[in-house]
Amino acid sequence: MTHKLPLGRRTFLLSLAALSGMGAFAIADKLRYTNRSWGATDDPEKDFSGIGDASLRDRAAAKGLIYGAAFPHAALSSDSAFAAAFAQECAILVPESVLKWKALRPEPNRFDFAASDLMAEFAHNHGLLFRGHTLVWHRALPQWFEPTVNSRNAEKLLVDHIATVARRYAGKMHSWDVVNEAVHPKDGRSDGLRNSPWLQLLGPDYIDIAFRAAAEADPQALLVYNDYGLDYDTREEEARRTAVLKLLERLKSKGTPIHALGIQAHLLHSDKPFFNPAKLSSFLREVASLNLRILITEMDVTDKKLAVDVTLRDRLVATAYEDYLSVVLQEPAVIAVLTWGLSDRYTWLSQDRPRADKTPVRPLPLDAQLRRKLAWNAIARAFDQAPMR
Ligand code: XIL
C-alpha cells in the first residue's frame, strides 16, 4: 500500500514528540502538510477478520460494558429495518435530537414530548436502557430564547426546564448529559469556560445549578458532564482537557451531584499523528481519581479527508476505532461506549463533514445497507479484548 508509513518513522516522530514538547507539534504539522497522506497511514498487517457473529451489545455485556448509539428521530416510525438492527446491536439508546431545547420547547410555555416519549417507548419495548441528551447546551436553543430570556428570569427557566424534563423520565433514565460543551478555552476566560448564553445570563454557577436541579428531579440517573475535543495530543485539546479537569475538580469540591464525564470522541482519522495513548490514559486516570465514571458518548470517525477508495477508507476508519477503544477500555472507570448513530444511513456527518468528492460518508459501524463494516469488527474486537469490569 502506498499509504503505509514505515513504523520506524512513526516511532521516531512519537519519541520526538515525547522529548521535545511543543516543538514536536511543529514537526508533526510539517510532516502532515508536506506529506498529506501521513495521517491516512494504513497498516496492511491489521487484520479485522475472524470476529464471529455475536452482537456488539453481547460482546460489551460480556465485559460488564454497555454499548449503544444515538437514535435519529427520522428513523423511528419509518424505518423498521434500521430499528431492528438497532435493537439487535445496542443495549442503550440516546435520542439524537428530540430531547434538546429546540425540539421540546416550541413556545416558552409549552413542552412537546411527543417524539421523546416515542423514543422512550421504543427503548422500553426493546429492553434498551434510555439516555438523555441534553439539559443544558449553548446550541439547539429555540428561536424565542434570545428575545425572551434575561438575567432575571434565566435561573427559573433553567430549573423549571430541568425539573419538567428530568421528572418526566425519572426512574427510566440510565444517565443524563446534564450540561453539554461548557468548556471552550479559546473564549479566553481564565476558567476555560465557554462564553455561552447560559454563562452570560447566570455566570459560571449555571453548571452547578443544573446538576442540582437534575439530581432533585431524577435521583436515580447517572449525571454526566459531556464534552468534545478531549482526544488528541494537540495544544488546543490539551487546553480543553486541562479546563475540563479544572471544572470537574471545582464541581466535586463544591459537592455538586455529578457522577461521570462523557467524552464525545468525534474522531478524525487524519489527526492520527496526534493520537497519544499515554496522554489520553493519564487524562482518564485523573478523571477517575475524582471518583467519576467515564462514558464514551458520541463516537464516530469522520472520513472527510480520506481516499475515495472505500476498502482503504473503511480500513482506516476501523483502525481509528480500534486504536482509540483499545486505549480507553483499559481504564476501569469507562463503563459505556456509544456511537453517534449506528448506520451510515443516518449520520450528522453527511451534513457537517461532507466529502469534497460528494461520495457518501462512512463513519459508523454499519453501512447504509445495514451491513456490518470493518468499523464494526474493530469495535467488536476492542470489546473482546477489553478487561472485565
Ligand atoms: C448533532 C445532531 O447529530 C445533528 O442532527 C444536529 O443537527 C446537530 O446536533 N455534539 C453533540 C450533539 O453533543 O448534540 C450533536 O448532535 C453532535 C455534536
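All ligand and atom numbering here is 1-based and tracks the order in the structure.
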(message) Testing Arg235, Arg240, Arg241 one by one against Glu238 for a salt bridge (charged side-chain N to carboxylate O under 4.0 Å, His left out), which residue passes?
(response) Arg241
(message) Can you tell me which residue among Lys373, Arg371, Arg313 is in a salt bridge (charged side-chain N to carboxylate O under 4.0 Å, His left out) with Asp344?
(response) Lys373
(message) Counting non-hydrogen protein atoms only, what is the nearest one to atom 10 (N) of ligand 1? Give residue, atom name and distance.
(response) Glu298 OE1, 3.0 Å
(request) If you have a sec, work out which protein heavy atom is nearest atom 8 (C) of ligand 1 and how many Å separate them, to one decimal? (result) Arg139 NH2, 4.0 Å
(message) Yes or no: does Tyr228 have any heavy atom under 4.0 Å from an atom of ligand 1?
(response) no
(message) Please list, in number order, the atoms of ligand 1 under 4.0 Å from a heavy atom of Glu181.
(response) 10 (N), 11 (C), 13 (O)
(message) Only heavy atoms of His133, strictly under 4.0 Å: list the atoms of ligand 1 that pass.
(response) 11 (C), 12 (C), 13 (O), 14 (O)
(message) Can you confirm whether or not the ring centre of Tyr225 sits under 6.0 Å from the ring centre of Trp176?
(response) no
(request) Walk me through it: do Asp323 and Lys46 pass the test salt bridge (charged side-chain N to carboxylate O under 4.0 Å, His left out)? (result) CA-CA 11 Å; Asp323 288 352; Lys46 269 246 183 227; 3.7 Å; yes
(request) Check the angle between the aromatic planes of Tyr346 and Phe82 and answer parallel, tilted or perpendicular using the 30° and 60° thresholds. (result) perpendicular
(message) Among Lys100, His73, Gln351, Glu96, which one puts a heavy atom closest to atom 16 (O) of ligand 1?
(response) Lys100
(message) With respect to Asn226, determine whether any N or O atom, backbone or side chain, lies less than 3.5 Å from an N or O atom of ligand 1.
(response) no
(message) Heavy atoms only, cut-off 4.0 Å: how does Thr134 contact ligand 1, side chain, backbone, both, or neither?
(response) neither
(request) Examine the side chains of Tyr169 and Asp218 and answer whether a donor and an acceptor come within less than 3.5 Å of each other. (result) no
